[in-house]
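Each chain gets a letter, A, B and so on, in the order the sequences are listed, and its residues count up from 1. Excluded from the calculations below are hydrogen atoms, water molecules and symmetry mates; all remaining heavy atoms, backbone and side chain alike, are included.
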Amino acid sequence: MPELPEVETIRKQLAAKITGLTITGATIYLEKVIAAPAPVRFGETIRGRAILGVNRRGKFLLFDLSGGYRLVVHLRMSGQLVYETADGPLPRHTHLVFHLDRGRLRLTDLRQFGRVWLVPAAGAEVKELRKLGPEPLSSAFTEEYFLARLQKSRRRIKALLLDQEVVAGIGNIYADEALYAAGVHPARRASDLSVREGKALYRAIRDVLREGIAHRGTSIRDYVDAVGEEGSHQHFLKVHNRAGRPCPECGTRIEKVKLGGRGTYFCPRCQPL
DNA sequence: TGTAGACCAAT
DNA sequence: ATTGGTCTACA
């Protein structure tokens, strides 16, 4: 569930804590979390490299390393990336530990879906990274672009919001919240939205993501930030994970349906079909 | 072009 | 049985 606000929270914290530190080694407990290169080569290549900066693209974390290398991390559903200076026992489901010259950075992931790549910084070998659409909070994501994408798709609007090629970083939580804020039913066809609705949704996307960042992310199930603490945005959600509770606007019970295989929450009155 | 299944393991 | 981000498979 780490979406853009959660990953951005982790990025900020790690940038402050580990920029300038050196990776002295890596311990791999579950080989499949290393997407590239092969695990042995991964360990050899990362050893001794300094962390020059921590960036983010969509839901990907990008660590710029010395010697022209880049470490790419995607937490997928339940991944946690935690920096700690303690050296006690590792929590269950810890699959990878980076040892730093001060402290350690561990990847802990209940569902084992998270992935890590170590690639030349100049190259483009992480396929999913290449295909990402614009950053929603950057000037590259314009209203004109978004309206044009809406116009040429017959997909359900929720599916479009979750498509990382359209815009990078939105996941299930913020998609539901943005659609609610814009008053748009999640099952509407994208091209059926009016220009007015499209504009409202464009604005809502940016608003809900900024709010999520301001609250250091949403902790519903597994998410913790880079120091192991929960975010607080779960207390501010208006519809997501709130089936049966009253809509904050009109009091109607929030409904939950399955859309594209995902739990989808909305207010049937504020978001009519 | 768009939608369903596979991957996981705790709840 | 449910949970979901992304890739793969298929219509």
Side-chain angles (χ1 to χ4, degrees), chain A residues 1-10 29-36 56-62 72-81 90-96 107-117 124-133 135-136 148-179 186-193 205 209 212 217-224 230-231 233-234 237 239-244 254-266:
Chain A
M1 268 193 273
E3 306 178 26
L4 188 151
E6 290 73 36
V7 179
E8 177 61 15
T9 299
I10 293 170
Y29 298 98
L30 184 67
E31 297 203 335
K32 72 175 178 186
V33 306
I34 312 289
R56 180 190 58 73
R57 184 79 174 84
K59 304 173 193 173
F60 290 83
L61 280 162
L62 313 172
V72 179
V73 178
H74 197 304
L75 299 171
R76 294 276 171 90
M77 292 246 345
S78 55
Q80 306 176 335
L81 197 59
L90 291 163
R92 245 166 103 75
H93 309 296
T94 297
H95 309 312
L96 176 63
L107 174 68
T108 302
D109 183 359
L110 167 67
R111 293 211 177 44
Q112 309 184 5
F113 289 169
R115 290 293 180 269
V116 171
W117 298 255
E125 25 252 84
V126 184
K127 200 192 335 170
E128 307 100 296
L129 205 46
R130 268 203 319 253
K131 298 195 307 186
L132 287 182
E135 280 296 316
R149 291 300 301 240
L150 289 181
Q151 207 171 17
K152 65 185 186 199
S153 173
R154 289 284 300 155
R155 299 165 76 185
R156 299 190 187 278
I157 183 61
K158 176 153 182 190
L160 196 82
L161 293 184
L162 293 175
D163 185 343
Q164 303 299 298
E165 297 186 38
V166 173
V167 52
I170 300 175
N172 207 32
I173 297 170
Y174 296 95
D176 283 354
E177 293 295 309
L179 287 165
R188 301 262 308 276
R189 303 280 168 182
S191 57
D192 289 346
L193 299 210
I205 288 167
L209 292 175
T218 303
S219 294
I220 292 176
R221 199 155 280 124
D222 304 297
Y223 169 70
V224 295
E230 298 194 338
H233 194 58
Q234 63 277 14
L237 296 176
V239 290
H240 186 84
N241 206 32
R242 296 182 61 79
I254 302 299
E255 281 185 25
K256 179 183 184 185
V257 296
K258 203 92 162 177
L259 208 58
R262 293 179 189 85
T264 298
Y265 302 82
F266 67 101

*asked:* Is there, by distance only and without an angle test, a donor paired with an acceptor across the side chain of A/Arg111 and the base of C/dT3 below 3.5 Å?
replied: yes

_Any side-chain to backbone donor/acceptor pair from A/Glu6 onto A/Gly217? Under 3.5 Å, distance only._
no

*Would you say C/dT3 has OP1 or OP2 under 4.0 Å from some side-chain N or O of A/Lys258?*
yes

*According to a strict under-4.0 Å criterion, is A/Gln164 in side-chain N/O contact with OP1 or OP2 of C/dG5?*
no

_Does C/dG5 have OP1 or OP2 under 4.0 Å away from a side-chain N or O of A/Arg115?_
no

_Using only atom types and a distance under 3.5 Å, with no angle test, would you say the side chain of A/Asn172 pairs donor to acceptor with the backbone of A/Gly263?_
yes

*asked:* Rounded to whole Å, please give me the gap between CD1 in A/Ile170 and C1' in C/dG5.
replied: 14 Å

_OP1 or OP2 of C/dT6 versus the side-chain N and O atoms of A/Lys59: is any pair under 4.0 Å?_
yes

_Is there a side-chain contact between A/Arg154 and the phosphate of B/dG2, meaning an N or O under 4.0 Å from OP1 or OP2?_
no

*asked:* Students often get this wrong, so: under 4.0 angstrom with heavy atoms, is A/Ser153 touching a base, only sugar-phosphate, or nothing?
replied: sugar-phosphate

*Apply the side-chain contact (heavy atoms from CB on, under 4.5 Å) test between A/Thr94 and each candidate in A/Thr108, A/Asp109, A/Leu107, A/Leu30; give the one that qualifies.*
A/Thr108

*Side-chain N or O of A/His93 less than 4.0 angstrom from OP1 or OP2 on B/dC8?*
no

*Among C/dG5, B/dT3, B/dA10, which is the nearest nucleotide to the side chain of A/Phe113?*
C/dG5

_Taking the minimum atom-to-atom distance to the side chain of A/Arg76, which one of B/dC8, B/dA10, C/dT6 wins?_
C/dT6

*Across the strands shown, which category fits A/Arg189 at heavy-atom distances under 4.0 angstrom: base, sugar-phosphate, nothing?*
sugar-phosphate

*For A/His74 and C/dG5, is the shortest distance between a side-chain N/O and OP1 or OP2 below 4.0 Å?*
no

*Check whether any side-chain nitrogen or oxygen of A/Gln112 sits under 4.0 Å from OP1 or OP2 of B/dA9, and answer yes or no.*
yes

*Contact under 4.0 Å: A/Lys32 side-chain N or O vs B/dC7 OP1/OP2*: no

*Between A/Leu162 and A/Arg221, which is nearer to the 5' end of DNA chain C once each is assigned its nearest nucleotide?*
A/Arg221

*Could you tell me how the ring of A/Phe60 sits relative to the ring of A/Trp117: parallel (under 30°), tilted (30 to 60°) or perpendicular (over 60°)?*
tilted

*How close or far is atom C1' of B/dG2 from atom NZ of A/Lys152, stated in whole angstroms?*
16 Å

_Sole candidate of A/Lys158, A/Arg155, A/Arg149, A/Lys131 that passes salt bridge (Lys or Arg N to Asp or Glu O under 4.0 Å) when paired with A/Asp163_ = A/Arg155

